[in-house]
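These numbers come from a predicted model, not from an experiment. Throughout, residue positions are numbered sequentially from 1 according to the sequence presented.
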Amino acid sequence: MTTARPARILLVFGTRPEAIKMFPIVHALKATPGLETLICVTAQHRGLLDQVLSIGNVVPDIDLDIMAPDQSLDQLTARLLTKLGRVYDEVKPDRVVVQGDTATAMVGALAAYYRKIPVGHVEAGLRSGDIHHPWPEEVNRRIVATIADLHFAPTDTAAAALIAERIDPATVHMTGNSVIDALHATRARIAAEPALAASLDALAERFAGKRIIAVTTHRRENFGGGMDAIARAVARIADRPDVAIVFPVHPNPAVRRAMDPILGARDNVAMIDPLDYPHFVRLLGLADLVLTDSGGVQEEAPALGKPVLVMRETTERPEGITAGTARLVGTDEDRIVTETLRLLDDPAAHAAMAQAHNPFGDGHTAPRIARIIADAV
C-alpha cells in the first residue's frame with residue numbers, strides 16, 4: 001500500500017528583502033503538519049541574501065546562484081525562467097510561494113503558471129498606480145496577481161486593491177506583513193545576544209549625543225538627477241552640528257558614484273557597507289528618524305516608532321502615509337531638507353509621526369499564512 005506524500009510547498013526567493021519577509025514563513029510552514037517545505041533561492045542578491053539566511057536559520061534546498069555582474073533585466077529574467085523551470089520539473093511542487101515584487105517573484109510565478117502549479121503571493125496587492133514608479137516592481141506585482149490563486153495582502157488597502165482588479169475575493173487574505181514578525185524576532189535575538197549587532201558600537205560611541213538620521217537609497221528610478229538631489233539634501237542636513245548621518249550604501253555602483261563626491265569627506269556622515277539584518281535593526285533603534293526610498297523600511301521603521309520621510313514620487317505603501325508614520329517627500333532637494341529640519345526642530349511634529357499607529361502588522365503574519373496554505377492543499 002502506497003502512502004501519499006505530504007503536500008510539497010516550494011518557497012522561491014532571491015533578495016535580502018524577500019528573505020527577511022520569508023524566513024518567518026519558512027519556519028511556520030515547517031512547523032505545520034502535512035506539509036513538506038522546500039526552499040529555492042535564486043541569489044539575485046548573493047551577499048545580502050546570505051546574511052539573512054544565516055540570521056534566519058534558513059538552509060536552502062536549492063541555490064541557483066543567479067547573480068552576475070551588470071546583467072540587464074531581460075538577461076536576468078531569461079536566466080531565471082529557464083533555471084526555475086528546470087527546478088519545478090525536478091521537484092514537482094504542489095504549490096509555489098513567492099514574495100513581493102522582484103524579478104525572482106515575477107518569474108517564479110510565471111514559470112509555475114506554465115506548469116499549472118498553484119501560486120501563493122506573499123505581500124500581495126501593493127500598488128502605486130504608476131507602472132514606472134517603482135520600476136520595474138509595480139509591473140512585477142501586477143503580473144504575479146494575475147497568476148496567483150492565494151493572495152496574502154498585508155493590509156486592508158492592499159486587499160481592496162486586489163479586489164478592485166477583479167481578483168476573486170475568496171482568494172484574498174488580509175494577513176499583515178511578515179516583516180514585522182522578522183523584526184520582532186530579530187530584536188529579541190539581539191537583546192539575548194548583543195554580539196549579533198556589536199559592530200555598530202563604535203559608531204554609537206562616535207555619534208553619542210547627536211541626532212542620528214538613518215539614510216537608505218537605491219531605487220532605480222532615482223538614478224541620475226534624483227540620486228544627486230538626495231546627496232545634496234543629505235549634505236545640507238549634515239551641516240547641522242547636532243546631527244549625524246549613518247548611511248549604509250547599497251552595493252549598486254550608481255549609488256556610490258552619486259554619494260561619494262558630495263558626502264564622502266564629512267566627519268558626521270558615516271557611509272558604511274551594507275548592514276546585515278541584525279545591525280540594520282539596531283540602526284533603526286538608534287535613529288531619530290529615517291530618510292529612505294526603500295519599500296521595506298517604510299514598514300519596519302514605524303514598528304519602532306521612527307518617523308519616515310520617503311524619498312520617492314509615489315509609494316505602493318500608502319497605509320503609512322495615511323496613518324501618519326511616513327511622509328512622501330519625493331526627490332526634491334529643498335523639500336527633503338525642509339521636512340527633515342521640521343522633524344528635528346518641532347518635537348510635536350516628531351512625536352505625532354513616532355506615535356502613529358503602525359498599519360503593517362502585529363507580528364503573527366507567518367502562522368496565519370501557513371494555516372491558509374495548509375487548508376488549501
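The residue from Thr216, Val234, Leu291 that alone fulfils the side chain to side chain contact (heavy atoms under 4.5 Å, CB included) condition with Met311 is Leu291.
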- Going through the distances and angles, do Leu84 and Cys40 end up as a side-chain contact (heavy atoms from CB on, under 4.5 Å)? CA-CA 9 Å; Leu84 284 172; Cys40 172; 4.0 Å; yes
- Run the salt bridge (Lys or Arg N to Asp or Glu O under 4.0 Å) check on Asp345 and Arg211 step by step: do they pass? CA-CA 11 Å; Asp345 293 332; Arg211 309 279 295 277; 5.8 Å; no
- Query: Between Thr102 and Glu137, does a side-chain hydrogen bond (donor to acceptor under 3.5 Å, both in side chains) hold up when you go through it step by step?
  - Reply: CA-CA 6 Å; Thr102 64; Glu137 288 82 0; over 6 Å; no
- Message: Asp101 vs Glu316, test: side-chain contact (heavy atoms from CB on, under 4.5 Å). Steps then yes/no.
- Response: CA-CA 11 Å; Asp101 54 17; Glu316 69 280 28; 4.2 Å; yes
- Query: Yes or no on salt bridge (Lys or Arg N to Asp or Glu O under 4.0 Å) for Glu333 and Arg236, after CA distance, side-chain angles and deciding distance?
  - Reply: CA-CA 9 Å; Glu333 176 185 343; Arg236 288 169 58 187; 3.0 Å; yes
- Item | Worked verdict on Ser54 versus Gln51 for side-chain hydrogen bond (donor to acceptor under 3.5 Å, both in side chains) | CA-CA 5 Å; Ser54 177; Gln51 294 171 0; over 6 Å; no
- Task: Quick one: do Asp65 and Lys83 satisfy salt bridge (Lys or Arg N to Asp or Glu O under 4.0 Å)? Show the steps, please.
- Result: CA-CA 10 Å; Asp65 199 22; Lys83 286 180 176 289; over 6 Å; no
- For the pair Arg282 and Asp201, evaluate salt bridge (Lys or Arg N to Asp or Glu O under 4.0 Å) and give the outcome as yes or no after the intermediate values. CA-CA 10 Å; Arg282 184 180 178 196; Asp201 287 351; 2.6 Å; yes
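Listed by chain and number, the residues in a side-chain hydrogen bond (donor to acceptor under 3.5 Å, both in side chains) with Asp346 amount to none (sequence neighbours excluded). Asp61 meets the side-chain hydrogen bond (donor to acceptor under 3.5 Å, both in side chains) test with no other residue; sequence neighbours excluded. Here Arg327 pairs with nothing under the side-chain hydrogen bond (donor to acceptor under 3.5 Å, both in side chains) rule; sequence neighbours left out. Among residues two or more places apart in sequence or in another chain, the salt bridge (charged side-chain N to carboxylate O under 4.0 Å, His left out) test is passed with Glu123 by Lys21, Arg141, Arg317. For Thr77, there are no side-chain hydrogen bond (donor to acceptor under 3.5 Å, both in side chains) partners at least two apart in sequence or on another chain.
In this structure, Gln298 contributes its side chain and Ser294 its backbone to a donor-acceptor pair below 3.5 Å. Side-chain atoms of Arg368 come within 3.5 Å of backbone atoms of Thr175 as a donor-acceptor pair (strictly under, hydrogens ignored). No side-chain donor-acceptor contact under 3.5 Å links Thr325 to the backbone of Ile321. Remark: the backbone N or O of Leu81 is not paired with any side-chain donor or acceptor of Arg86 at under 3.5 angstrom. A distance-only check finds no donor-acceptor pair linking the side chain of Glu339 to the backbone of Arg335 [under 3.5 Å]. With hydrogens and angles disregarded, a donor-acceptor distance shorter than 3.5 Å links the side chain of Lys30 to the backbone of Thr37. Using modelled atom types, one side-chain atom of Tyr88 and one backbone atom of Gly108 make a donor-acceptor pair closer than 3.5 Å. Asp181 contributes a side-chain N or O that, together with a main-chain N or O of Thr365, makes up a donor-acceptor pair within less than 3.5 Å. Listed for the Glu193 side chain is no donor-acceptor partner under 3.5 Å among the backbone atoms of Ile190. Remark: the backbone N or O of Lys306 is not paired with any side-chain donor or acceptor of His350 at under 3.5 angstrom.
Under a 4.0 Å N-O distance rule, the pair Glu165/Arg127 qualifies as a salt bridge.
Judged by the 6.0 Å and 45° rule, Arg16 forms a cation-pi pair with Phe280.
Between Val52 and Asp276 the shortest side-chain heavy-atom distance does not fall below 4.5 Å. Inter-residue side-chain proximity for Pro60 and Leu53 is flagged as met; some heavy-atom pair is nearer than 4.5 Å. The closest side-chain heavy-atom distance from Ile25 to Leu11 is below 4.5 Å. Considering only heavy atoms from C-beta on, Ile9 stays 4.5 Å or farther from Glu36 through its side chain. Proximity of Leu289 to Leu343: side-chain heavy atoms (C-beta onward) are separated by under 4.5 Å at one or more points.
Put simply, Leu150 and Val98 are part of two different groups of oily side chains (I, L, V, M, F, W, Y) that touch within less than 4.5 Å, one to the next. Grouping the Ile, Leu, Val, Met, Phe, Trp and Tyr side chains by contacts below 4.5 angstrom, directly or via other members, places Val179 with Val97. When hydrophobic clusters are built by joining Ile, Leu, Val, Met, Phe, Trp and Tyr residues whose side-chain heavy atoms come closer than 4.5 Å, directly or via intermediates, Leu304 is grouped together with Ile20. Tracing side-chain contacts under 4.5 Å through hydrophobic residues (I, L, V, M, F, W, Y), one never reaches Val249 starting from Val246; they form parts of separate clusters. Taking hydrophobic clusters as Ile, Leu, Val, Met, Phe, Trp and Tyr residues chained together by side-chain heavy-atom distances below 4.5 Å, Leu341 shares a cluster with Ile230.
Distance CD1/Ile237 to CZ/Arg240: 9.5 Å, rounded to 0.5 Å. The CG atom of Leu328 lies 8.5 Å from the CZ atom of Arg312; values are rounded to the nearest 0.5 Å. Atoms NE2 and OG1, from His121 and Thr146 in turn, are 10.5 Å apart once rounded to the nearest 0.5 Å. In this structure, CD in Glu299 is found 4.0 Å from CG in Asn177, a value given to the nearest 0.5 Å. Between the CD1 atom in Ile213 and the CD1 atom in Ile245 there is a gap of 4.0 Å [rounded to 0.5 Å]. Taking NE2 of His151 as the start and CG of Leu162 as the end, the distance is 6.0 Å to the nearest 0.5 Å.
Aromatic ring pairs are classed by plane angle as parallel below 30°, tilted from 30° to 60° and perpendicular above 60°; the pair Phe152 and His173 is tilted.
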Which donor-acceptor pairs under 3.5 Å do side chains of residues 267-275 form with protein atoms, sequence neighbours excluded?
from   : atom 1 : to     : atom 2 : distance (Å)
Asn268 : ND2    : Ala238 : O      : 2.8
Asn268 : ND2    : Val243 : O      : 3.0

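Atom CZ of Arg187 is surrounded by 12 or fewer heavy atoms from other residues, nucleotides or ligands within 6.0 Å. Counting non-hydrogen atoms of neighbouring residues, nucleotides and ligands closer than 6.0 angstrom, the CZ atom of Phe207 exceeds 12 such neighbours.
Looking at Asp293 and Thr217, their side chains do bring a donor and an acceptor atom within 3.5 Å of each other. Using modelled atom types, one finds no donor on one side chain facing an acceptor on the other under 3.5 Å when comparing Thr322 with Glu319. A side-chain N or O of Thr42 and one of Thr104 form a donor-acceptor pair less than 3.5 Å apart.
Between Phe360 and Asn358, the shortest heavy-atom contact is CD1-OD1, 3.1 Å. Nearest heavy-atom pair, Leu126 versus Pro154, reported as atom, atom and distance to 0.1 Å: CD1-CG, 3.5 Å.
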